[in-house]
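Working notes, beginning with the structure itself.
Sequence positions, counted from 1, serve as the residue numbers for this chain. Atoms considered below: every heavy atom in the structure, side chains included; atoms not considered: hydrogens, waters and symmetry mates. In this text, all values refer to a predicted model and were calculated from it rather than measured experimentally.
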Amino acid sequence: MEVVSPSPYFYPDFSNLKETFGDSKERVKWRTKQNLDYSFLMLYAKDKGSLYVQLEDDIVAKQGYSQTMKEFVRHQSSDDWLILEFSQLGFIGKMFRTSNLPFIVEFILMFYKDKPIDWLLDHILWVKACNPEKDATHCSRQKDNLRIRYKPSLFQHVGLHSSLHGKIQNLKDKDFGKQTLYISHSNPPAEVTTSLSAYQSHTLDRAYQGMDFFWGLTPVAGDYIKIKFVKPLIVKGSRESLHPPCHHHIPSTRVDGQRQEDGSRCRRRRGSVHACFRGQVRMKLRLGWTCLLLLSLATASWSHEADQEDAEEAQVEDSEEAETEAKDTVDDASISFQVTYKTPVPTGDVFFTETFDDGSFDGWQLSQMKKEDADDDIAKYDGKWEVESLKENSVAGDMGLVLKSRAKHHAIAAMLQKPFVFNEKPLVVQYEVNFQDGIDCGGAYMKLLSASDDLDLEKFQDRTPYTIMFGPDKCGEDYKLHFIFRHKNPMNGDYEEKHAKRPDVDLKKFYTDKKTHLYTLVLSPDNSYEIFVDQSSVSKGNLLADMIPPINPPKEIDDSSDVKPEDWDERQKIPDPEAVKPEDWDEDAPAKIEDPDAIKPQGWLDDEPEYISDPNAEKPEDWDEEMDGEWEAPQIPNPACETAPGCGLWTTPMINNPQYKGKWKAPLIENPNYQGTWRPRKIPNPDYFEDLHPFRMSPFNAVGLELWSMTSDIYFDNFIICSDKEVADRWASDSWGLKKLVASANEPGVFSQLTTAAEERPWLWVVYILTVALPVALMVLFCWPKKSDDVGAYKKMDTPQRDVQGEEEEEEEEEEEVEAADEGEQGTEDGDANERADAGEAGQ
């Protein structure tokens, strides 16, 4: 660590700074000095290394942040970037190349008095990337090529008090993640199971291993968590922390594996539990039109599952069929399917196969090397590998190679049965990958190691020569599927990496759905290539036309000795020389002014600070004032301000100045002397060559996995290298095809998926209701029977028809009858006659 301090003479006189953007004099001075501090530090550090990262003293960082940043740099497909952002806040976590620091500082020093540092950085990007003749959307896209964001953020701001006196900074990076909801811990060896579905990667296994907290979705009566210790133990106590508290109590009744919920039993109907559910929906049909939607969805889901089961009945056997009727009450979480699995056997000539079904990785060699450009504590390739079955949707007897360590380097390799030589036969490479816990930053690609007499798999590392690198890779929000090969320059013998164009499809789901996916590369002697995921083509092209950089260099290049003439005018538009600034144009008017109508709210507490020291805080026992400085209690909101409109010094709020016009600029006109963009003349390329057969690559005789990952439990299986796509397809049908079948059979029905989605995103309930309410409302509006308006259309000879006049007329008739009854018998007869006459008239 070096502590540096600029000379006092480095700073100018801050007393004459112009106040801009409504900032106070002290704030302008503070931000100006800050810009100069950044510039000094950048210039000091420009020769200290190749990368420069700007941090602050009041931040926390994620574990392994340094290596994650290095990997993110390494994974950039282009060197055109100017800034890599590892935090969305201000000037925190911004990475630059030290070679770019001088011109960045030069720009900052031109405008250090005018704007804060983060604004100036954005202006640098605008100057370098944006075309004034294009719109803002085009500019934003161009700037995104220079400023690349890594997610989630690696740094979080934790300070409260700014170096500017009185400035409170409640800055929080939402992408950094919420406060840690678990404490790292160790538990005795045990097998843990649960009927609860886990949200994203917050699984019970990870929680028990002390790596995460467990987040279970929608607990109901009867759900369980089981912990079966490997060795008998006397449990003296446990510590639980549940969030939210309302999930603490989950009543359950379970006898001999049977499950009862609220006294009701649902009987399974060949892979579906919707028969009981449909009955429950029918009982509640009176709740309204919403229930009609739920009933339709449940019925459709049940029917879909039944049809799907019939189609797959020849291959999949419901493991519950052989059980007793009592065990038929088990819910979806305990469904398991059994398939007849046999280790696949290749049906043709192959160069390499591996299934790991024998439970070991015999024949594979772990690397004993260290990574040269990594920190000493993580340089060794000591990441752990295990052979085990899948966590979910496993097939009995099927095993795979699993990367088990986080934030470590892993390297393992195996020799081919015979070397592959690129001649007249295609190359087909295929294997399976499952990101069982998702993937944050890391790869799952394989390398085909170039054949050589001195190839030693114990010395396998990142610099071991390879012929092809192929497979998935992800860091931040950048999802890649690599196909890279090393091309030999026929003129000087140097090797250069050639990258295939990016696939045209969205790859994100292959990294997030926690399913086993099949990756296939087919490379043909005619220089064509095609990449498949799950036997569907995602990218294809030609080695001569679709690689970056191109295989063959250009025939002509720019003449570096050619110089643009001094009088060459590239300006397409120029300021109008005849334009004159209007007399009433005030360039000195501020952009914001104090609101003249503003009045300090009544009850404002001027003498009360907005934040006070926490009276309940206590100095930690391990606080060392010599090392940590004088302890100060953390700040909390002042309780006295909770009922007041505000506390502290009241300042008049600022509003936009209606008289503000900014600096006047002459309008642009077409440049009469415009000569176009100058380009140097072309000359023959002295390094030009033409290789029309790039397929003829260096032979390879080994396959290796050399990986870094911030996520563990990456599953690899069923490697095959051959020359016939049909052989690889048959291999896949006997291996990956069964995994896909089991995963599909265990997927929840449509209704369950809709319900789960709505539990994670409650606003979907509104979509569901509107989806059914709109067509139902239209049906009621247009299809509901209406009262006929043809009462007056009867003919005279038709039977007289009584006209129902509504409830009010009926009430009037009843009142008239009561009055008539009170008048006596004669009155009654008169009332009846009148009533008959009225009815006759109504009929006519």
Side-chain angles (χ1 to χ4, degrees), residues 63-64 67-68 71-72 74-75 152 198 200-206 209 211-212 354-357 359-361 364-367 371 378 381-395 398-414 429-447 460 462 469-482 507-521 533-534 703-720 735-736 739-740 743:
Q63 183 180 6
Q67 189 62 31
T68 300
E71 290 294 318
F72 189 64
R74 186 174 67 85
H75 282 76
Q200 295 184 356
S201 62
H202 306 297
T203 62
L204 182 61
D205 286 336
R206 289 173 54 82
Q209 295 171 17
M211 302 165 56
D212 201 350
E354 179 60 82
T355 65
F356 304 102
D357 287 346
S360 69
F361 47 82
W364 292 74
Q365 177 62 55
L366 295 172
S367 174
K371 194 175 178 70
I378 59 171
Y381 285 96
D382 56 353
K384 302 300 182 184
W385 300 88
E386 297 290 347
V387 174
E388 55 191 34
S389 58
L390 283 167
K391 289 183 177 181
E392 299 179 3
N393 301 317
S394 61
V395 180
D398 181 39
M399 308 287 281
L401 181 67
V402 181
L403 180 150
K404 300 297 292 183
S405 305
R406 296 177 64 253
K408 286 185 176 293
H409 292 284
H410 303 72
I412 191 171
V429 180
Q430 182 173 278
Y431 70 115
E432 302 169 13
V433 175
N434 187 320
F435 297 105
Q436 300 184 94
D437 292 336
I439 183 69
D440 183 13
C441 183
Y445 45 80
M446 61 184 296
K447 291 182 177 180
F460 175 42
D462 61 322
M469 189 175 94
F470 169 65
D473 188 17
K474 184 245 182 183
C475 207
E477 291 300 309
D478 190 10
Y479 300 88
K480 297 180 180 179
L481 181 54
H482 290 299
L507 301 174
K508 183 175 181 178
K509 66 177 181 179
F510 303 125
Y511 299 79
T512 58
D513 62 5
K514 301 181 183 180
K515 295 181 180 179
T516 303
H517 294 289
L518 184 71
Y519 296 89
T520 308
L521 169 66
V533 178
D534 297 344
V703 58
L705 301 171
E706 187 270 317
L707 307 168
W708 161 273
S709 177
M710 291 299 295
T711 308
S712 60
D713 289 326
I714 302 177
Y715 177 94
F716 301 85
D717 201 4
N718 295 318
F719 292 82
I720 184 171
S735 52
W736 172 79
K739 292 189 180 75
K740 181 182 179 183

Closest non-hydrogen contact found for Asp713 with Lys404 is OD1-NZ, 2.7 Å
Review point. Are Lys740 and Asp534 close enough for a salt bridge, meaning some N to O gap below 4.0 Å?
Key: no
Q) Salt bridge between Glu706 and Lys447, side-chain N to carboxylate O under 4.0 Å? A) yes
Separation between CG (Leu390) and OG1 (Thr516), nearest 0.5 Å, reads 4.5 Å
The reported gap from CG in Asp398 to CD in Glu388 (rounded to nearest 0.5 angstrom) is 12.0 Å
Problem set entry | Aromatic plane relationship, Phe470 with Tyr519 - under 30° parallel, 30 to 60° tilted, over 60° perpendicular | perpendicular
Donor-acceptor contact below 3.5 Å, side chain [X] vs main chain [Y]:
{"X": "Asn718", "Y": "Tyr431", "value": "no"}
{"X": "Ser367", "Y": "Phe460", "value": "yes"}
{"X": "Lys474", "Y": "Ile439", "value": "yes"}

Taking the side chain as C-beta and beyond, is there a heavy-atom pair between Lys408 and Lys384 under 4.5 Å? no
Taken in chain and number order and not counting sequence neighbours, the residues that satisfy side-chain hydrogen bond (donor to acceptor under 3.5 Å, both in side chains) with Trp736 are none
Exactly one of Phe510, Phe716, Tyr511, Tyr479 clears ring-ring contact (aromatic ring centres under 6.0 Å, His included) with Phe435, and that residue is Tyr511
